[in-house]
Each structure stands twice: as structure tokens, then as C-alpha cells.
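Written out below as C-alpha cells is the structure these notes cover.
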Amino acid sequence: MDDLFIRKIQYNESDLITEFLERAGSSLKSFRYFEKRNTNIIINHLTTCLLMKNSKAVGYGHLDIENKNVWLGIAVIESSKGKGYGKKIMTYLINSAFEQRISVINLTVDKNNQAAINLYSNFNFQVIREIKENTLLMKKIMNYVE
């Protein structure tokens with residue numbers, strides 16, 4: 001049986017993210033967050049996590065804050081797509097946002113990445129607008145009951 005769990009990553013564990021990125025394969029074509037950022041950027045994240053399977057990272061997720069906007073990003077290594085891992089990471093990040101009382105979560109997604117759009121829609125993200133020729137802005141409004 002596979003040992004599958006979410007590991008919260010601390011700012012001094014960016015080497016684990018580097019290992020994940022080295023194994024991610026073609027997933028990095030649609031997950032470009034670290035193209036122009038050093039992995040040490042996670043010191044600014046609200047939440048950073050890796051989905052671990054048998055002690056190897058098969059997925060990554062974060063909640064990042066930039067200019068008072070919270071941004072969600074996830075990636076699953078190419079060889080592990082289609083196994084529900086994205087859903088596990090999304091659940092963890094949405095729960096983390098809930099615990100932190102974040103009111104709005106933003107993300108961008110390639111317009112042709114229908115699997116990701118479907119995943120985000122299942123978590124009640126709505127397409128707001130096209131922000132580049134091939135990129136959509138999606139947003140989730142968190143609802144809290146007092």
C-alpha cells in the first residue's frame with residue numbers, strides 16, 4: 001500500500017521543492033511559478049506543501065500573498081497525473097485558507113488546461129476573465145458562517 005500524505009513545508013526546506021521540480025517533467029510547462037523565482041520565495045508563502053508518496057514528492061501546492069492578493073498554485077508530476085492527487089492538494093490548501101480566514105483566493109490557469117479548469121471549478125473557483133491570450137484568471141470567494 002502507498003504511503004500518501006501532505007507535508008507542510010517550512011521556509012528552510014526549499015531543497016525539497018527543488019527535488020520535486022527536478023522530477024516534475026512536462027508538468028512545468030503549465031506550472032511556471034518557479035521559472036522566474038528562486039525556491040526561497042516560500043519564506044513569503046502563507047502555506048507551502050508537498051504531497052508525498054513513498055517518501056517522494058509527487059505534488060506541490062502553495063498559498064502566496066502578493067500585493068494583498070492571495071494566489072494558489074499547484075502542480076503534480078507528470079507520471080502521477082490523473083490519480084486524484086490535485087484534489088488532495090486543493091483540499092489541503094482550501095482548508096488552510098479557511099483556517100487563516102482568507103476571504104478570496106486567486107489563481108491563473110492556461111486556457112487549454114481543461115483538466116485543471118475542471119478541478120478548480122469543482123472547488124467553486126469561477127473564471128473572472130482572460131488576462132493573457134492563453135491564460136485565465138479564476139477566483140474563489142470563501143464563505144464564512146459566524
Side-chain angles (χ1 to χ4, degrees), residues 1-66 69-102 104-143:
M1 186 167 146
D2 293 334
D3 182 22
L4 188 69
F5 65 96
I6 296 274
R7 176 174 176 176
K8 186 172 183 179
I9 301 300
Q10 304 301 321
Y11 72 90
N12 60 346
E13 297 179 300
S14 62
D15 57 317
L16 296 173
I17 295 170
T18 301
E19 288 176 29
F20 166 77
L21 294 171
E22 289 170 354
R23 298 181 59 236
S26 63
S27 293
L28 298 182
K29 290 178 184 172
S30 60
F31 180 73
R32 296 177 290 277
Y33 181 77
F34 288 108
E35 274 184 357
K36 297 178 183 173
R37 295 174 181 92
N38 187 292
T39 55
N40 291 331
I41 189 74
I42 69 170
I43 198 166
N44 297 324
H45 287 182
L46 301 171
T47 302
T48 309
C49 69
L50 290 172
L51 179 64
M52 307 297 291
K53 178 181 177 186
N54 301 328
S55 76
K56 297 280 188 193
V58 294
Y60 164 88
H62 71 245
L63 294 173
D64 184 14
I65 188 158
E66 183 180 293
N69 293 310
V70 175
W71 295 90
L72 181 146
I74 70 166
V76 174
I77 65 170
E78 187 63 34
S79 61
S80 293
K81 287 189 173 185
K83 298 180 180 181
Y85 295 169
K87 183 177 179 180
K88 290 183 184 307
I89 298 166
M90 288 293 294
T91 299
Y92 180 85
L93 292 174
I94 297 298
N95 288 340
S96 178
F98 186 82
E99 290 168 3
Q100 297 176 65
R101 305 295 284 181
I102 295 167
V104 178
I105 306 170
N106 301 281
L107 63 82
T108 59
V109 60
D110 291 350
K111 199 159 82 170
N112 66 353
N113 191 346
Q114 196 57 54
I117 293 169
N118 291 344
L119 173 66
Y120 303 142
S121 295
N122 287 339
F123 282 89
N124 298 315
F125 279 82
Q126 303 293 317
V127 174
I128 302 302
R129 61 181 156 77
E130 193 170 315
I131 56 173
K132 293 180 185 171
E133 184 179 329
N134 295 313
T135 307
L136 300 174
L137 171 65
M138 296 183 78
K139 184 176 289 204
K140 175 180 177 66
I141 309 294
M142 300 287 284
N143 296 313

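One is the number of the first residue; the rest follow in order along the sequence.
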Strictly distance-based, threshold 3.5 Å: is any side-chain N or O of [X] a donor or acceptor partner for the main-chain N or O of [Y]?
{"X": "Asn106", "Y": "Val70", "value": "yes"}
{"X": "Ser96", "Y": "Tyr92", "value": "no"}
{"X": "Asn38", "Y": "Asn40", "value": "yes"}
{"X": "Asn113", "Y": "Ala116", "value": "yes"}
{"X": "Arg23", "Y": "Ile77", "value": "no"}
{"X": "Arg101", "Y": "Phe98", "value": "no"}

Rounded distance (nearest 0.5 Å) linking atom [atom1] of [X] with atom [atom2] of [Y]:
{"X": "Asp3", "Y": "Met52", "atom1": "CG", "atom2": "CE", "result": "9.0 Å"}
{"X": "Ile17", "Y": "Ile42", "atom1": "CD1", "atom2": "CD1", "result": "4.0 Å"}
{"X": "Ile128", "Y": "Leu137", "atom1": "CD1", "atom2": "CG", "result": "6.0 Å"}
{"X": "Ile74", "Y": "Tyr120", "atom1": "CD1", "atom2": "OH", "result": "4.0 Å"}
{"X": "Asn44", "Y": "Arg37", "atom1": "CG", "atom2": "CZ", "result": "10.5 Å"}
{"X": "Thr135", "Y": "Asn112", "atom1": "OG1", "atom2": "CG", "result": "9.0 Å"}

Quiz item: So Phe34 and Tyr60, ring pair (Phe, Tyr, Trp, His ring centres under 6.0 Å) or not? Walk me through it.
Solution: CA-CA 12 Å; Phe34 288 108; Tyr60 164 88; 5.5 Å; yes
Could you check whether any side-chain heavy atom of [X] comes within less than 4.5 Å of a side-chain heavy atom of [Y], counting everything from C-beta outward?
{"X": "Leu16", "Y": "Arg7", "answer": "yes"}
{"X": "Thr108", "Y": "Trp71", "answer": "yes"}
{"X": "Lys87", "Y": "Leu119", "answer": "yes"}
{"X": "Tyr11", "Y": "His45", "answer": "no"}
{"X": "Ile89", "Y": "Cys49", "answer": "yes"}
{"X": "Leu21", "Y": "Thr39", "answer": "yes"}

Quiz item: Between His62 and Phe20, does the ring centre distance come in under 6.0 Å?
Solution: no
Closest heavy-atom pair and its distance - [X], [Y]:
{"X": "Val76", "Y": "Gly86", "result": "CG2-N, 3.9 Å"}
{"X": "Leu72", "Y": "Leu107", "result": "O-CB, 3.5 Å"}
{"X": "Ser121", "Y": "Met138", "result": "OG-CE, 3.9 Å"}
{"X": "Leu63", "Y": "Leu93", "result": "CD1-O, 3.6 Å"}
{"X": "Ile117", "Y": "Lys111", "result": "CD1-O, 3.6 Å"}
{"X": "Glu78", "Y": "Ser26", "result": "OE1-OG, 2.8 Å"}

Quiz item: Would the number of heavy atoms belonging to other residues, nucleotides or ligands and lying under 6.0 Å from NZ of Lys140 be above 12?
Solution: yes
Quiz item: Could you go step by step and tell me if Phe125 and Ile94 meet the side chain to side chain contact (heavy atoms under 4.5 Å, CB included) rule?
Solution: CA-CA 11 Å; Phe125 279 82; Ile94 297 298; 4.0 Å; yes
Quiz item: Just by distance, with hydrogens left out, do Asn118 and Gln114 show a side-chain donor and acceptor under 3.5 Å apart?
Solution: yes
Self-check item: Stepwise side chain to side chain contact (heavy atoms under 4.5 Å, CB included) check, Lys88 with Leu4
Solution: CA-CA 10 Å; Lys88 290 183 184 307; Leu4 188 69; 3.3 Å; yes
Quiz item: For the salt bridge (charged side-chain N to carboxylate O under 4.0 Å, His left out) test, which of Lys29, Lys132, Arg32 pairs with Asp110?
Solution: Arg32
